[in-house]
Asks: 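Just dropping this structure here.
Counting convention: from 1, in listed order, for ligands and their atoms alike. Bear in mind that the values here come from a model prediction, so they are computed numbers and not experimental data.
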Amino acid sequence: MTLKTIVETAELEAFRLALFSAGKKLAFVPTMGALHDGHISLVKQARQTADAVIVSIFVNPTQFGPGEDFNRYPRTLTEDAKKLAEAGCDAVFLPNIATIYPEGFQTWVRNEPLENQLCGASRPGHFRGVLTVVLKLFNLVRPELALFGKKDYQQWRLIEKMAADLNVPLKVIGSETVREPDGLAMSSRNRYLKPEERAMAVAISRGLKAAVEKYKAGETNAATLTGIVAKEMASQPAIKVEYLTICDQMSLAPVGESVKGPAVILLAAQLGTLRLIDNMELNPAG
Ligand code: PAF
């Protein structure tokens, strides 16, 4: 299959209209590129649910804070295009900065209760940038469904809520985190881990997995469950935990003393120059 490269919005509109008039269903995977197997699994899942798949690659400046890695964020377009073609993607949309942020741009999407907690607490403005660019991409691409990885759990929930609150006519799907064989959640930034940091980073998923196992064995005390992860983190003093908490899966409100319904255990940590995040769901049996 040949991958169509789309830059201009007129080309995008022609691509979309051709599908629409043939009654075909379009699925969309927004990305910032530097694609790994997690992104590719979203493309493959999209392929199974829709007639055509489009991926966007846009390194969105407004979701990076001052001092964050916007300038050195990996840009690997040639490799990305090859992976997309192999995965059966129909088109890649590479919008120009002027398409997304034209001169005089001043309207932003926010979710004040949710955007400043968890990752938003240490990355002010991050989710304002994410929600704004994602809504713009949704409006340009106008797909029937859009897929996001659950690794960015807060991002996925915020986007789902935005689509519901603003009547965006599409279905937002969260897809399971894809992991390296040793458990590390895949991320475009993992390539920056030094070999010794890469070896340490696996403690994060090991700790989360141990907590999930304990929960499955009947433990519902939130402090006991986070304590299991904290103990694993303490074995790797180079990993500085930023937050470690158990939240309700939908509202992302902390669960309090005990886990009563569908919850998620979330962690963010600093390792060297890199900020790592991961999470695992705690789903009541049955
Ligand atoms: O998860 C990402 O890659 C980005 O935050 C997204 C959703 C493409 C918005 O820029």
Asks: With the threshold set at 4.0 Å, does a side-chain nitrogen-carboxylate oxygen contact exist between R110 and E115?
Replies: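 The answer is yes: the pair qualifies as a salt bridge.
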
Asks: How does the hydrophobic cluster around V59 look, that is, which other residues are in it when side-chain heavy atoms under 4.5 Å mark a link?
Replies: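 Hydrophobic cluster check, V59: joined to M32, F64, F70, Y73.
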
Asks: Does NZ or CZ of R142 fall inside the cone over F20's six-membered ring, less than 6.0 Å from its centre and within 45° of the axis?
Replies: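 Verdict for F20: no cation-pi partner in R142.
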
Asks: Is the closest basic N to carboxylate O distance between K24 and E144 below 4.0 Å?
Replies: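 No.
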
Asks: Do any N or O atoms from the side chain of D80 and from the backbone of A34 form a donor-acceptor pair under 3.5 angstrom?
Replies: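 Answer holds: yes.
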
Asks: Walk me through it: do Q154 and N279 pass the test side chain to side chain donor-acceptor pair (under 3.5 Å)?
Replies: CA-CA 10 Å; Q154 185 179 12; N279 67 80; over 6 Å; no

Asks: Go ahead and list the nitrogen or oxygen contacts between ligand 1 and the protein that come in under 3.5 Å, distances to 0.1 Å, or just say none.
Replies:
| residue | atom | partner | partner atom | Å |
| --- | --- | --- | --- | --- |
| ligand 1 | 1 (O) | Q155 | NE2 | 2.8 |
| ligand 1 | 5 (O) | Q63 | NE2 | 2.9 |
| ligand 1 | 5 (O) | Q155 | OE1 | 2.7 |
| ligand 1 | 10 (O) | Q63 | OE1 | 2.6 |

